[in-house]
Amino acid sequence: MSIPYLRAAGTSLVLDARGTGVPVIVHWGADLGDLDGELLATLADASVPAISPSSIDVPLRLSLLPTLAEGWSGRPGVSGFRPGRHGALTLDLRLAEVQAGSGTALPGTQTLAIFLTDAAARVAVRTDLELSVEGVLRLRHTLTNTSTDSAAPPFELGSLDVILPVPDRAGELLDFTGLWTHERRPQRSTLGHGVWSRESRHGRPGHDDSYLMAAGTPGFGFRTGEVWATHLAWSGDKRTWAENSALGYSALGSGELLAPGELSVANAVSHTTPWTVAVYSAAGLDGVSARLHPWIRSWSTITGPRPVVLNTWEAVYFDHDLPTLARLADAAAMVGVERFVLDDGWFTGRSDDRRALGDWFVDPVTWPGGLHPLIEHVHAAGMDFGLWVEPEMVSLDSDVARAHPEWVLGGVTEDSAGVGAAAGVASATAAGAASPALTWRFQRVLDLGDPDAFDWVFARLTALLTEYPIAYLKWDHNRDLLAGSAHRQTTAVYRLIDAVRAAHPGVEIESCASGGARIDLGILERVDRVWTSDTNDPLERQQIQRYSSVLLPPEYLGGHLGAATAHTTGRTSELSFRLATALFGSAGIEWDLTRANETELMQIATWIARYKHLRPLLHSGVVVRADPSDPALELHGVVAPDQNSALFAQVALAAPRAALPERMRFPGLAPDRRYRVAPLTLGAPPRTIQDAPPAWLAEPGSSGTAAGAALGAVAADRGSADDDPGSGGSVTLTGAVLALVGLPAPLLAPEQAALFTVDAVD
Ligand code: DGJ
């Protein structure tokens, strides 16, 4: 066990745990095949580097928890101090033990626990490593303050991070940034000497969340290149980084970002970090998803098909009344919606976004009979019912803030920002909080670390869930914390969600944070859906969903069909594009359907019927994306795990750069099997600019040559809304031909998407 060797799904990890030093990752990357103990020892020996000039006098090796004590002057794996003692503690950890198979992981997962101690500093660290059957590596540390002297000062933790080596050839970085309604914008860089660090101090990952930090061979894409990617499964403050040290090592690091003094580890107490999730892929970003998605599905809380949702937000905003909502529910049921979600605006006095958060009682004026009449109407129409809540927040203009100003994080004073709403509130300060009390969307944060505040919110949620048959909570979080207590708040919200789930096991939860500002694998252990973004504009959504799905399987990614003119951008899109975009996720509608015309309603009904039919494939399959040569055109799809069927979308984001676009090359199919490729119209067909479709898409039974028939079929119809990319045409070819040669694409107008079914015929 002195050189543990973990292997799964094309990934291997070799750890040199000989001697008394902190173990060293000798290799994390491509599978190295069968290696016996002797070969592993030779590999570990042969990996010891030279001693460079002007350096420490022993070979420098990047360990699992590097510190100055090892000669590592890059970002340390652990830092902290004991009050009263001058300066930071340089931990000099020694290996005490390595245990295999000691974790509580999923079946088939290989686990290692590494025990380190620094007796003089009275600190011990346990590092857990897990390699899942899908090749997903997880690591976390547990630091224990081993002091038994109750009078001794605690260990003030500065940082405790997971640091993983990557080879020099992984010189190109990809991570993400974004804004409200524009989440998951990819950014690439080349790492020179130094640290590229993405830090979140939002108290939630934020719209600009780094999401994944990927290092790869130059030019890596969706299908090509080696990639090493990490993600921190944590919903609070965090940092993820890549470091290329002049010392000769490159590494990816991640950990919770702690404010000074935020985390004191008392004597005889332990602190466990969030998991860092790490994936190696020899086949680009699709290879990353191909490991993460089945692994997430192996522990997912999702138990059944994702219901088609109608969310009321962009349909009615705060204008709630029973007749209007009942009419909306009827329209939703008519087109096949399965879940009706009443968004913000239902609770006491919530007439706009300036008041009432925290007063989680059904508004008696709008709802004299409570929510019962609406829920009964929704149930009678054959749908289940969901409700919006924002349990971590409070408006200063609320009964709860007036009664308990001490529950408001950061305190409340008469001159608090947004004070107009808080007249009459006494001065008070929440424990541990000293930040300026700014409002954000006119709201403040409820200090869930306060046990009374926690109990009160839990009691309100549980009262609602007990009184009403609520199948689903949309759990929102609409502001940054702006307080130095993100750790306490994040652990408290995890406890709150866990408590709600335990008390009401059937209730599903969606994580929303002004759209996609809290999408991470920490929250995902507790929720069944994420609200990917507040924008329903399909052009924005194409990119947001494309990159959100690198980490998350599509069944988690809420995507809604919005009104023709998107509320967030003012851009107008055709129904076919909106339908094709919302299809690839957990589909829903956020549009006042009572204003849709008959044709639109019929097309939406067709779309929902087809979605229900495709749902098993879309929500269990392998997500694939071709690498585009023209950034205006993208091809993406989902292939069934048994490779029997697939659904693809060819998307035109803008005008193509050539009259004839690059062929559509369909990735992920079985090379030797034969597949029939055919266009699929879901409700409304996409608009094209072609005088004739490609020959293979021509109507069957047309006279003359295939090409001639195709030209004749649609030439008279150019630009019309009925201009299908090829109604009826199809072709049967092998998976290899479809992937390597591909097929000519229909000439889509900008902001259009064409769908294709691919079915094995052998
Ligand atoms: C922000 C969410 O992202 C929206 O979907 C909506 O629920 C509003 N909050 C309601 O206030």
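Since this is a predicted model, take the numbers as computed values, not measurements. Counting starts at 1 for both ligands and their atoms, following the listed order. Below, all heavy atoms of this structure are taken into account, side chains as well, without hydrogens, waters or symmetry copies. One is the number of the first residue; the rest follow in order along the sequence.
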Residue part near ligand 1, for [X], under 4.0 Å between non-hydrogen atoms:
X: N311; result: neither
X: R441; result: side chain
X: D476; result: side chain
X: A513; result: neither

Under 4.0 Å from any heavy atom of [X], which atoms of ligand 1 are there?
X: N478; answer: 1 (C), 9 (N)
X: C512; answer: 2 (C), 3 (O)
X: W531; answer: 3 (O), 5 (O)

Checklist entry - Between W313 and F318, does the ring centroid distance fall short of 6.0 Å? => result yes

Next on the checklist: For K474, state whether at least one heavy atom is located under 4.0 Å from any atom of ligand 1.
Outcome noted: yes

Lys/Arg cation over aromatic [Y]: [X], 6.0 Å, 45° cone:
X: R339; Y: F385; result: no
X: R185; Y: Y547; result: no
X: R541; Y: W531; result: yes
X: R354; Y: F442; result: yes

Checklist outcome for this item: Among D352, D343, N536, closest by heavy atom to atom 10 (C) of ligand 1 is D343

Checklist entry - Pick one: which of E751, E574, Q545, R578 meets side-chain contact (heavy atoms from CB on, under 4.5 Å) with P538? => result R578

Can you find an N/O atom of [X] closer than 3.5 Å to an N/O atom of ligand 1?
X: D534; answer: yes
X: R350; answer: no
X: F318; answer: no

Checklist entry - Of the options T177, D175, T240, which is the one that meets S210 in a side-chain hydrogen bond (donor to acceptor under 3.5 Å, both in side chains)? => result T240

Next on the checklist: Determine whether T312 and D344 satisfy the following criterion, side chain to side chain contact (heavy atoms under 4.5 Å, CB included), listing intermediate values before the conclusion.
Outcome noted: CA-CA 8 Å; T312 61; D344 196 355; over 6 Å; no

Checklist entry - Crowded around R595 CZ? As in, over 12 foreign heavy atoms under 6.0 Å? => result no

Checklist entry - Nearest protein heavy atom to atom 11 (O) of ligand 1, by residue and atom, and its distance? => result D344 OD2, 2.6 Å

